[in-house]
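Working notes, beginning with the structure itself.
Excluded from the calculations below are hydrogen atoms, water molecules and symmetry mates; all remaining heavy atoms, backbone and side chain alike, are included. Lettering follows sequence order; numbering is per chain, from 1.
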2 protein chains.
Amino acid sequence: MALVLCRQGGDKEMAEYPPFAVTVDLVVLTVRADQLCVLLVRRGIEPYRGAWALPGGFVGIDEDLPAAATRELAEETGLAEPAGHLEQLGTYGHPRRDPRGRVVTVAWLALLPDQANPVAGTDAASADWLPLSQLSPGQLAFDHDRVLADGVERARAKLEYTPLAAAFCPPEFTVAQLRGVYETVWGTRLDPRNFHRKVTGTPGFVAPVGRATEGDRGRPAQLFRRGPAPLLHPPMLRPDQTGQTGS
Amino acid sequence: MALVLCRQGGDKEMAEYPPFAVTVDLVVLTVRADQLCVLLVRRGIEPYRGAWALPGGFVGIDEDLPAAATRELAEETGLAEPAGHLEQLGTYGHPRRDPRGRVVTVAWLALLPDQANPVAGTDAASADWLPLSQLSPGQLAFDHDRVLADGVERARAKLEYTPLAAAFCPPEFTVAQLRGVYETVWGTRLDPRNFHRKVTGTPGFVAPVGRATEGDRGRPAQLFRRGPAPLLHPPMLRPDQTGQTGS
DNA sequence: CCAATAGTGTCTCTTAGACAATATTTT
DNA sequence: AAAATATTGTCTAAGAGACACTATTGG
């Protein structure tokens with residue numbers, strides 16, 4: 001496939017375009033055992049041999065970006081996206097982010113329910129869910145510390161103004177489970193009573209299934225599915241957020 | 001520069017990586033004459049010869065992504081970023097988005113004050129500010145319609161929860177100017193009294209300069225600079241947003 | 001004085017947050 | 001009944017929106 005000579009206006013760019021490698025990397029988050037966890041793989045080759053890294057791989061020359069992300073997600077977790085949520089996070093392309101050459105990576109953020117499928121990848125490298133609390137800066141390969149931090153921050157922010165917390169839950173869930181997601185991801189406590197009112201009172205946040213749980217302690221809880229609203233109005237407020245509340 | 005053979009775990013990727021071209025494209029927005037305008041260049045070559053396109057160009061093989069975006073912005077507008085705001089918007093890489101080959105573009109969103117510098121680029125192609133209201137879908141080259149739409153939506157959303165509207169204003173501005181930005185970008189009317197109270201009452205949104213305008217009609221207005229807050233708490237609310245307000 | 005714009009005060013309504021009270025289950 | 005969890009109700013305070021009113025300029 002012959003490629004590009006000149007793109008935009010002038011002729012400065014008549015020379016052949018510089019060749020890049022393009023990869024996708026995934027920040028796959030889940031909530032298990034009251035911990036926010038990320039899916040990491042242990043690298044089997046240099047560079048960063050033996051270090052943890054985000055799962056990812058090359059984009060095929062005829063492959064769309066979302067398709068590459070979905071494929072990698074399926075390869076690493078054994079499941080297709082539909083259960084959770086997948087969105088583009090950002091692109092990282094520092095000239096020396098990969099010592100082997102010029103690699104630009106498009107990072108994606110995936111939020112998944114804890115489906116007990118820790119690994120199942122086709123890749124030889126071992127993979128596992130790591131609690132974020134156990135990771136220290138500088139521990140990940142390449143610039144993956146930064147990518148992960150950006151992904152976590154994005155996830156935290158999105159819980160505020162989207163119904164995406166439900167992406168961490170199974171298809172049917174209780175208000176308490178949803179609250180647990182918020183509490184874990186935000187690292188805060190939320191009042192169960194006010195949370196319940198807020199969730200059930202925000203149009204399109206959740207939709208009642210009509211059934212209830214059974215066999216737990218206490219009164220059975222109603223089951224809900226994710227609602228149709230793409231955005232929450234008004235948003236869920238993170239306690240204490242940036243502090244200021246107006247003078 | 002020899003490049004990558006195998007990246008992550010397996011050996012499926014031992015073959016040489018697929019070669020991509022990487023570009024940056026810019027969605028440069030400004031507010032002039034009560035219109036939200038975007039900087040576009042007219043293409044002088046095929047494909048899409050004669051069509052409007054977002055300014056952009058190739059990333060140098062040793063060039064960082066933000067540096068490439070900043071460079072293109074300077075080339076197209078003749079000014080460095082400091083005045084306004086520049087952030088990564090997203091990456092677009094459909095295999096056939098460019099008929100000449102596999103080109104992945106990292107799009108950036110720039111918000112600039114109306115600095116009367118319509119063009120000044122070194123490129124031969126003509127460039128100009130086009131009001132968004134004059135653009136119809138399908139009018140831009142490549143997938144730039146989509147990129148532009150994403151950029152505009154991002155800008156609209158960011159005015160809600162960041163002090164970024166000030167990026168559209170000169171270094172010192174009045175509350176009325178800031179309100180005009182909101183009204184233009186959102187296409188709504190805002191109550192001047194409540195807006196004033198909201199802006200001056202939100203910590204870190206704007207910082208008073210201490211001087212006032214002179215020589216206009218009516219009472220002189222206090223001048224402000226952009227405040228230090230990265231986020232607005234509470235956010236500016238867009239009237240009528242998604243409709244729902246809670247039952 | 002009038003027109004015009006800037007800025008403040010007041011009132012009402014909605015919503016967040018604290019927390020009492022009630023409902024429904026298991027043990 | 002006691003413990004545990006779910007769900008509803010009540011109260012208070014902060015903020016949004018409507019809008020009267022005051023302040024400061026140019027004609």
How close or far is atom [atom2] of [N] from atom [atom1] of [X], stated in whole angstroms?
| X | N | atom1 | atom2 | result |
| --- | --- | --- | --- | --- |
| A:Leu223 | D:dA6 | CG | P | 11 Å |
| A:Lys198 | D:dA6 | NZ | C1' | 20 Å |
| A:His233 | C:dA16 | NE2 | C1' | 17 Å |
| B:Leu178 | C:dT5 | CG | C1' | 17 Å |
| A:Phe195 | D:dT8 | CZ | P | 14 Å |
| A:Arg179 | D:dA6 | CZ | P | 6 Å |
| B:Arg189 | D:dG17 | CZ | P | 16 Å |

What does nucleotides 17-27 of chain C look like as a protein-contact string, B for base, S for sugar-phosphate only, - for none, at under 4.0 angstrom between heavy atoms? BBBB--BBBS-

Ignoring the backbone of A:Ala221, work out which of C:dG7, D:dA16, D:dT7 is nearest its side chain.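 Minimum distance to the A:Ala221 side chain belongs to D:dT7.
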
CD on B:Glu87 to CG on B:Leu164, rounded to 0.5 Å: 7.0 Å

Is there side-chain contact between A:Pro192 and A:Arg179, with at least one heavy-atom pair below 4.5 Å? yes

List for me each residue that meets salt bridge (Lys or Arg N to Asp or Glu O under 4.0 Å) alongside [X], sequence neighbours excluded, and say none if there are none.
| X | result |
| --- | --- |
| A:Arg146 | A:Asp150 |
| B:Arg225 | B:Glu172 |
| A:Arg193 | A:Asp191 |

Provide the closest heavy-atom pair for A:Asp145 versus A:Leu140 in the form atom of the first, atom of the second, distance.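 Heavy-atom minimum between the residues: OD2-N, 3.4 Å.
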
Taking DNA chain D as the partner, which of residues 161-177 of chain B come within under 4.0 angstrom of it by heavy atom?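 Of all residues in residues 161-177 of chain B, none places a heavy atom under 4.0 Å from DNA chain D.
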
In a check of side chain to side chain contact (heavy atoms under 4.5 Å, CB included) between A:Cys169 and each of A:Leu111, A:Val181, A:Asp114, which one passes?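 With A:Cys169 as partner, A:Leu111, A:Val181, A:Asp114 yield a single side chain to side chain contact (heavy atoms under 4.5 Å, CB included), made by A:Val181.
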
Would you confirm whether A:Arg226, through its side chain, and A:Pro171, through its main-chain N or O, come within 3.5 Å as a donor-acceptor pair?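 Absent.
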
Among pairs that include at least one residue of residues 181-220 of chain B, which meet ring pair (Phe, Tyr, Trp, His ring centres under 6.0 Å), considering only residues two or more places apart or in two chains? B:Tyr182-B:Trp186, B:Tyr182-B:Phe195

Under-4.0 Å side-chain N/O to phosphate OP1/OP2 contact, B:His196 with C:dG7: yes

